Student: 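Can you keep this structure in mind? I'll have questions shortly.
Chain A is the first sequence line, chain B the second, and so forth, proteins listed ahead of strands; every chain is numbered from 1. Nothing here was measured: the structure is a model prediction, and the numbers come from that model.
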Amino acid sequence: MGYNFLEIEEKWQGYWAKNKTFHAKNESQLPKYYVLDMFPYPSGAGLHVGHPLGYIASDIYARYKRHKGFNVLHPQGYDSFGLPAEQYAIQTGQHPELTTKTNIARYREQLDRIGFSFDWSREVRTSNPDFYRWTQWIFLQLFHSYYDKTADKAKPISSLVEQFEQNGNLSVKAECAATVTPFTAEEWNGCTTSKKEEILLDYRLTYISETEVNWCAELGTILANDEIVNGVSERGGYPVTKKKMKQWSMRIGAYAERLLQGLATVDWPESLKEMQRNWIGKSIGASVRFPVEGHQATLEVFTTRPDTLFGVTFMTLAPELELVKKITTAEQKASVDAYIESTAQRSERDRMANVKTISGVFTGAYALHPLTQERVPIWIGDYVLAGYGTGAVMAVPCGDQRDYDFAKHFDIPIKNIFAETDISEAAYAEKSGGVKLQDSGFLNGLEYKEAMTKVIQHLEENNIGQGTINYRLRDAIFSRQRYWGEPIPVYYQNGLPVPLDEKHLPLELPKVENYLPTQDGAPPLGNATHWAWDVEEEKVVDNKQINHETVFPLEMNTMPGWAGSSWYFYRYMDPHNATAFVSKEAADYWKEVDLYLGGSEHATGHLLYSRFWQKFLFDLGHLPVEEYAKKLINQGMILGSSAFVYRKAGTQEYLSKGLIEGEQVEPIRVDISLVNLSDELDCEALKKWQPQFAEARFVLEDGVYKVGREVEKMSKSKYNVVNPDQICEDYGADTLRMYEMFLGPIEQAKPWNTAGISGVHSFLKKTWRLYHPNETFSVSDDAPSAESLKTLHQTIKKVTEDIEQFSFNTCISAFMICVNELSAQKCNQRSILEPLAILLSPFAVHLAEELWERLGHSDSVSTVSYPIFEEKYLVESSKNYPVSFNGKMRFTRELSLELSPKEIEEIILADEQTQKHLQGRTPKKVIVVPGKIINIVG
RNA sequence: GCUCGAGUGGUGGAAUUGGUAGACACGUUGGACUUAAAAUCCAAUGACCAUUGCGGUCGUGCGGGUUCAAGUCCCGCCUCGAGUACCA
């Protein structure tokens, strides 16, 4: 009877489904543990071997925690709204709802085959109305809230209204739009309702405003900063330009400081935290106000170097700034307009490519230096970004390289305020180094640090500026001109958004004929005929009924992909709740995610937005903790190994890899299924694969055609996809699971290489044979040998330590050593083999179940809580046994601790160098290996 | 440019965190079993020298340093990967 993995795996997958083995309960006396995977986008291509890597790792840990006696929540679901799902639908010409459904079914089939211990009764899909109802609900909470800077938390907007009614906004410290002007209580109370609404919109945590956005015409939508990579869209790689549009945004900036501080409290990879810190981009400095000569206007700038204020010789504004048009003089108007025009047309990518070229125009206007009253020319230049700070800088060419380059380029004077420095070649940008200020009025003779304090104090006393902290993090744009997303639950009355009442949720996505995105940015929901809100009937009605008195148009933008994924992990706790997004009891019991596994590509997207929503919902008292993921591990990507053939330029002749040296060849990707494990190509199969190879002639080396290899991302278009189903078919899911873990550390990116899989597979066969020594199952009830006990205990120790540290590759090595040793010992004792089956069960999940059953148990091994995983047992069993050597000094390192003083002396006397080193002192501990002293302590 | 991270056999990767470098696996070579193949088992496998007997020398990207002891710590380089990109 051999190891029939196909039969065994099918049997146990059926058993788990039937018995709901992995069903987690919300009531339990056991301690809880929540293991979460980042849920997948159900794209059309199905899973490749890279996708399950993280799921396997988290599954092992979840199963391990169950054995340790925890009530484990290990759910799975689908992020089924958003660009990837929609793009696939567009490509295949099918409705996204349909493609999403079929894709999910395919994913589920593939996932089931790998034997995960997910509790599928808790499955969520972000595109289900039951789910997005609560996404919309959270949106409404944000709409009805503002950020109180004094209390440093979000509060209901009603409490802001109360303050306005009593004191206006003069004493209110709240996060708001930059354009807010001060008003008194009288002024507020005198406002019309719609004026009040307009003002409140500047304070709401989600708000609508005219903003400069990243427009991607190909995708027909705007994109958030984190959806743009290298100036092109992350998805598809299409060009992106700047465009002004009315958009919903999320005031994530209000949480910048807390998002930064919170990182210190979570166990996340340092590199990922660093990415978030950089993205938030905190900088400390000052705001300084420069009056504009001959205008009412004041130019406010942010600078990290207020100490260099006396070095200002010009100002630079971002060309997009409104103020530019107001202050430009008649003579300069033509050139300024031309410059504004040319920068507006440049795509993001052009901008990035031309970072080195210096461009700008003088506006003709002058600012007055707030300390010296000198006239300072105002320029515009595209090296100043409209979106950062106030979109204006005070230029100090002697202290900043960009200002220096700009000044040199346009022949603007440079004033050196740093004593004894040479700035003939470059600016002096150092902050330290004992350089003193000169030509700087009351700052003369001071160094960086003192000058900073003194100048900020001076600015504040004279009301020309103040110490300020600035963040790079910008508010997140929340509207997408796409069909496949959550409808935003608002309608428009008098041009102002009015939220729906909670009781009307979900606002369901309407059916439309044409869901394709448009080039001009008109949302596809514009095609919906049934998309108006009747406030009297309180329901969605036909567009024809819009009358702007009782029936109003509904919002046509939808939410971005990150909306649903920003809170889904709480829905798993209580997935069927119809009255709350999660019940208080469920949230209090499960509390937070204990272990979160996913890729680092979400560092500045999902992982930041979800922390923002978490903090917001925490502020409002809906959630028990401020950070939702205690520990996070990034799994590295599994890459593909593409295969190449080399066509001699202009011919049908294909050269084997070793023959291309010095030849003019063109590498062409071929499907990796046409290549065997030794990189040899099946030439006949290639001819049939694609017509372009039908006439191919192959030039062989050593009788075979060798292909070239290159490691790159796994993708259908690169013909390098390895399908997990095929691996399961050939070797079994247990082999797949163990091999993926054996490949290397989980955090590391690594290419898939099927060549090594036989090692893991034969390990499983060997394990099987351990229980079936003569082809039939047989274990003995005799007492185990000391040797076998030692092997088992060493394995328990090593495996436990390795699982705790997520070092699954070394853990599997330990299993291999264990089984090899037990085989050599001809061990067949139940008292060894039974614990071994349990130990193996998080890894070889199906095999362990089968062995467990054969050992005579009627329950599932997955649910067994066994003392071998308990520390008490572990400590006792983990004592190291002496290892004997045939030398003079037969000690293990552990034993050397027990050397008597006399023995230590003997060892020292035997070694001249040691005597010299010790100089008569007596060591506490001596560590010895055969023939050598390797450590002396004391 | 800036910020992280990494460089170890033919290959993937270990190394108790300063203590016998190369665990485990793949690959390769030889052997056993077999009519044969597959499967399985055994042995060898960092390089170089020696080999009837022991053994020896060099070895963790490069160059220095600390230490009885360095893949691991410090200083200076080189290469690769990731993130970010005029952030004032």
Student: Closest approach to the side chain of A:Ile817, judged atom by atom: which nucleotide of B:rC24, B:rA85, B:rA88 is it?
Tutor: B:rC24
Student: Give each protein N/O atom lying under 3.5 Å from an N/O atom of nucleotides 8-13 of chain B, with the pair distance.
Tutor:
unit_1	atom_1	unit_2	atom_2	d
B:rG12	O2'	A:Leu743	O	2.8
B:rG13	OP1	A:Gln748	OE1	2.9
B:rG13	O3'	A:Asn809	ND2	3.4

Student: A:Leu385 or A:Trp279: which one's nearest nucleotide on RNA chain B is closer to the 5' end?
Tutor: A:Trp279
Student: Taking only residues at least two apart or on different chains, which pairs with a member in residues 380-398 of chain A satisfy salt bridge (Lys or Arg N to Asp or Glu O under 4.0 Å)?
Tutor: A:Arg346-A:Asp382
Student: For RNA chain B, what is the dot-bracket line, given that a base pair needs Watson-Crick (N1 to N3, plus N6-O4 or O6-N4) or G-U wobble (N1-O2 and O6-N3) geometry with both distances under 3.5 Å, and | means paired with another strand?
Tutor: (((((((..(((......[....)))((((((.......))))))((((.....))))..(((((..]....))))))))))))....
Student: Before we go on, tell me: are the rings of A:Phe314 and A:Phe410 under 6.0 Å apart, centre to centre?
Tutor: no
Student: Tell me which pairs pass salt bridge (Lys or Arg N to Asp or Glu O under 4.0 Å) where either residue lies in residues 268-278 of chain A, with sequence neighbours left out.
Tutor: A:Glu270-A:Arg277, A:Glu274-A:Arg277
Student: For nucleotides 36-46 of chain B, list the nitrogen or oxygen atoms of the protein found under 3.5 Å from its nitrogen or oxygen atoms, one pair per line.
Tutor:
unit_1	atom_1	unit_2	atom_2	d
B:rU40	O3'	A:Arg769	NH2	3.1
B:rC41	OP1	A:Arg769	NH2	3.4

Student: How long is the line joining CD of A:Glu821 and P of B:rA23, in whole Å?
Tutor: 15 Å
Student: Would you please confirm or rule out a distance under 4.0 Å between OP1 or OP2 of B:rA88 and any side-chain N or O of A:Tyr383?
Tutor: no
Student: With heavy atoms under 4.0 Å as the rule, sort A:Ser600 into base, sugar-phosphate or nothing.
Tutor: nothing
Student: Considering every strand and a 4.0 Å limit on heavy-atom distances, what is the contact class for A:Val301: base, sugar-phosphate, or nothing?
Tutor: nothing
Student: Taking A:His761 as the fixed residue, which of A:Phe5, A:Trp768, A:Phe742 is the one that meets the ring-ring contact (aromatic ring centres under 6.0 Å, His included) rule?
Tutor: A:Phe5
Student: Calculate the interatomic distance between A:Ile812 atom CD1 and B:rC26 atom P; express it in whole Å.
Tutor: 13 Å
Student: Taking 4.0 Å as the cut-off, does a side-chain nitrogen or oxygen of A:Ser283 come that near to OP1 or OP2 on B:rA88?
Tutor: yes
Student: Between the protein and nucleotides 2-4 of chain B, list every N/O to N/O distance that falls short of 3.5 Å.
Tutor:
none

Student: Between A:Met816 and A:Asp403, which residue's closest nucleotide on RNA chain B lies nearer the 5′ terminus?
Tutor: A:Met816
Student: Taking the six-membered ring for Trp, are the ring centroids of A:Phe406 and A:Tyr404 within less than 6.0 Å of each other?
Tutor: no
